[in-house]
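Reading through the structure tokens given below for one structure.
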Amino acid sequence: MRIKYIWLLVAACLLVSCDKFKNKDPETTPAVEKPAFDADSAFAFVKAQTDFGPRTPGSEAHSSCATYLKEQLAAFCDTVIVQPFTTTTYDGKKWSAQNIIGSFAPEKSKRVLLGAHWDSRPMADHDPDPAKRTQPIDGANDGASGVGVLLEVARQLQQKNPAIGVDIIFFDMEDYGTPSSENIPGDWWCLGAQYWTNHLHRPDYHADFGILLDMVGGENPTFYHEGFSSYYAQHIVSKVWGTAYRLGYGDYFINNGANPITDDHYYVIRNTGIRMIDIIHQDNKTGTGFGYVWHTTQDNISHIRKESLAAVGTTVLAVIYDEKE
Ligand code: AHN
Ligand code: ZN
């Protein structure tokens, strides 16, 4: 009788320890709870932008898309601030432009800044067909993907508020930099970010750190530790890449260094001191350092992948929900 009970006890213990062991399997129990991020919704936000056509400065598509982005942010965020400015490009032309900023809990002092550029490049200077190199691009990946992910992030943050404040900034005039055939010295990229960092939308604006999204929706993207991000904000890179790995996105977020890129985050770091990292598709096999369709007419909605949007959006949301007040 007693022996029987002992055996039962042993069997029960084995079962329990087996169960415990099972729970430790990283495949079945992610260390980070996956927050809801709807990739279909994010994709729709990307497509809504490309449906306007190329959002190049001065175009009708540019101004219609600005209206759309303000309406979307207004629906999700607590406040929206539009920052109009004028700027001159490398070719001597003058443009009206605008940065668009949506905020959650603007009264909170602990904050994260999320950014992406919403303009698209006026010339496909890397198109394989020379005849197409003066055409404007849809910028489905280069521009619209980051904005689409952040609109979906905003929609989720409205449904489930995080402990900290969040600001989402859509920079204008990132992509009117000098064509590859010309060499005109000067800071011709990231004109919207340069303006914002010298004229903050709130004079005492502060964020604890920032994350920029650039070209996050392509086919099998590879996100390395971009050079400026590592140099100025390795602790944020480690936080974001660590979160991505725990969520199962280690194939996208690769723990290797890569070239520094003159992108919006560079001016944020340089002019405000806010440690902002760049999640950007880099690839040293393509010849340009970026994806195959970069600055070509092929950068359209047909090359956008929901899986890529989901990897980045889910990671960014998890980072934000992990932050304590
Ligand atoms: C340079 O190639 C120097 N900067 C690229 C920044 C960029 C352009 N991101 C998207 N389009
Ligand atoms: Zn570009």
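Quick caveat: nothing in here was measured; it's all calculated off a predicted structure.
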Practice item. Decide yes or no on side-chain hydrogen bond (donor to acceptor under 3.5 Å, both in side chains) for E152 and S41, but give the supporting numbers first. Key: CA-CA 7 Å; E152 174 59 12; S41 172; 2.6 Å; yes
Check your understanding: Are L157 and I320 close enough, and set up right, to give a side chain to side chain contact (heavy atoms under 4.5 Å, CB included), and what steps lead you there?
Key -> CA-CA 9 Å; L157 292 179; I320 288 169; 4.0 Å; yes
**Study point:** Steps toward side-chain hydrogen bond (donor to acceptor under 3.5 Å, both in side chains) verdict (D283, T222)
**Key:** CA-CA 7 Å; D283 185 342; T222 42; 5.0 Å; no
Exercise for review: Any chance you could lay out the side chain to side chain contact (heavy atoms under 4.5 Å, CB included) test for T272 and L200, step after step, and finish with the verdict?
Suggested key: CA-CA 9 Å; T272 73; L200 295 174; 4.1 Å; yes
Review point. Step by step, would you call L73 with I100 a side chain to side chain contact (heavy atoms under 4.5 Å, CB included)?
Key: CA-CA 9 Å; L73 281 185; I100 305 167; 3.8 Å; yes
Practice item. I would like to know whether S238 and Q234 meet side-chain hydrogen bond (donor to acceptor under 3.5 Å, both in side chains); could you show each step before the answer? Key: CA-CA 6 Å; S238 299; Q234 182 55 45; 3.1 Å; yes
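In this structure the side chain of I254 never reaches within 4.5 angstrom of the side chain of H225, judged on heavy atoms. With a 4.5 Å cut-off on side-chain heavy atoms, Y205 and I101 do not count as touching. In this structure the side chain of P106 reaches within 4.5 angstrom of the side chain of D78, judged on heavy atoms. Looking only at side-chain heavy atoms (C-beta outward), F104 and I168 come within less than 4.5 Å of each other. A 4.5 Å side-chain heavy-atom check between F223 and T315 finds every atom pair outside the cut-off. Q156 places none of its side-chain heavy atoms less than 4.5 Å from the side chain of P35. Two residues are said to be in side-chain contact when any heavy atoms from C-beta on lie closer than 4.5 Å; R55 and T50 meet this criterion. Here the side chains of D299 and H295 are not in contact, with every heavy-atom distance at 4.5 Å or above.
Once rounded to the nearest 0.5 Å, the distance linking CD of Q282 with CG of N256 reads 11.5 Å. Summarising the geometry, atom CG belonging to L317 is positioned 11.5 Å from atom OG1 belonging to T243; distances are rounded to the nearest 0.5 Å. The CG atom of D167 sits 6.0 Å away from the CG atom of L113 when rounded to the nearest 0.5 Å. Note that the CG atom of D264 and the SG atom of C190 stand 4.5 Å from one another [nearest 0.5 Å]. How far CZ of F170 is from CD of Q72: 9.5 Å, rounded to the nearest 0.5 Å. Between the CG atom of D38 and the CZ atom of R155 there is a distance of 5.5 Å, given to the nearest 0.5 Å.
A donor-acceptor pair under 3.5 Å is absent between the side-chain atoms of W196 and the main chain of F171, judged by distance alone. Using modelled atom types, one side-chain atom of S59 and one backbone atom of T56 make a donor-acceptor pair closer than 3.5 Å. Side-chain atoms of D278 never come within 3.5 Å of backbone atoms of H265 as a donor-acceptor pair (strictly under, hydrogens ignored). With Q194 contributing its side chain and V268 its backbone, the two residues share no donor-acceptor pair below 3.5 Å. Looking only at distances, no side-chain donor or acceptor of R275 sits under 3.5 Å from a matching main-chain atom of I236. Here the side chain of K324 pairs a donor or acceptor atom with the backbone of D322 at under 3.5 angstrom. Between the Y321 side chain and the K160 main chain, a donor and an acceptor come within less than 3.5 Å of each other. Checked by atom type and distance alone, the side chain of T314 never pairs as donor or acceptor with a backbone atom of A311 at under 3.5 Å. Under the 3.5 Å distance criterion, the side-chain polar atoms of R121 are matched with a main-chain donor or acceptor of G177. Side chain of T88 to backbone of G92: no donor-acceptor contact under 3.5 angstrom is found.
Note on I277: it does not cluster hydrophobically with Y267, by side-chain heavy-atom contacts below 4.5 Å among ILVMFWY residues. I280 and L114 fall into different hydrophobic clusters, where Ile, Leu, Val, Met, Phe, Trp and Tyr side chains are chained together by heavy-atom contacts under 4.5 Å. Hydrophobic clustering (side-chain heavy atoms under 4.5 Å, transitive across Ile, Leu, Val, Met, Phe, Trp, Tyr) keeps I81 apart from W118. Linking ILVMFWY residues whenever their side-chain heavy atoms come closer than 4.5 Å, directly or via other members, leaves F228 and I279 in distinct clusters. Transitive grouping of hydrophobic side chains (ILVMFWY, heavy atoms separated by less than 4.5 Å) brings V316 and I164 into a common cluster.
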N/O donor to acceptor pairs below 3.5 angstrom from side-chain atoms of residues 208-221, sequence neighbours left out:
| unit_1 | atom_1 | unit_2 | atom_2 | d |
| --- | --- | --- | --- | --- |
| D208 | OD1 | R111 | N | 2.8 |
| E219 | OE2 | H303 | ND1 | 3.2 |
| E219 | OE2 | R305 | NH2 | 2.7 |

Please tabulate, one pair per line, all N/O donor-acceptor pairs under 3.5 Å involving side-chain atoms of residues 287-294, not counting sequence neighbours.
| unit_1 | atom_1 | unit_2 | atom_2 | d |
| --- | --- | --- | --- | --- |
| T288 | OG1 | T286 | OG1 | 3.3 |
| T288 | OG1 | F290 | N | 3.1 |

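For the pair K34 and Y249, the cation sits on the ring face: its NZ or CZ lies under 6.0 Å from the ring centre, inside 45° of the axis.
Atom CD of E107 is surrounded by more than 12 heavy atoms from other residues, nucleotides or ligands within 6.0 Å. When the shell of 6.0 Å around NZ of K108 is examined, it contains more than 12 heavy atoms from other residues, nucleotides or ligands. At most 12 heavy atoms of other shown residues, nucleotides or ligands fall within 6.0 angstrom of atom CG in D251.
Scanning both residues, S180 and D125, for their nearest heavy atoms gives N-OD2, 3.1 Å. Across Q158 and A75, no two heavy atoms sit closer than the pair NE2-O, 2.8 Å. Shown here for D119 and E174, the closest heavy-atom pair between the two residues is OD2-N, 2.9 Å. Nearest heavy-atom pair, A116 versus V147, reported as atom, atom and distance to 0.1 Å: CB-N, 3.7 Å. Scanning all heavy atoms of the two residues, the minimum distance from T296 to H126 falls at CG2-O, 3.4 Å. Among all heavy-atom pairs drawn from G313 and F37, the shortest one is CA-CE1, 3.4 Å.
Ring centers of F253 and Y245: at least 6.0 Å apart, outside the cut-off.
The side chain to side chain donor-acceptor pair (under 3.5 Å) test with D172 is passed by exactly one of Q83, H62, H117: H62.
Summarising the hydrophobic clusters (Ile, Leu, Val, Met, Phe, Trp, Tyr; side-chain heavy atoms under 4.5 Å, direct or chained), the residues clustered with L191 are F85, Y90, W95, M123, M173, Y176, I184, W188, Y195.
Using bins of under 30°, 30° to 60° and over 60° for the plane-to-plane angle, the ring pair F45/F76 lands in the perpendicular bin.
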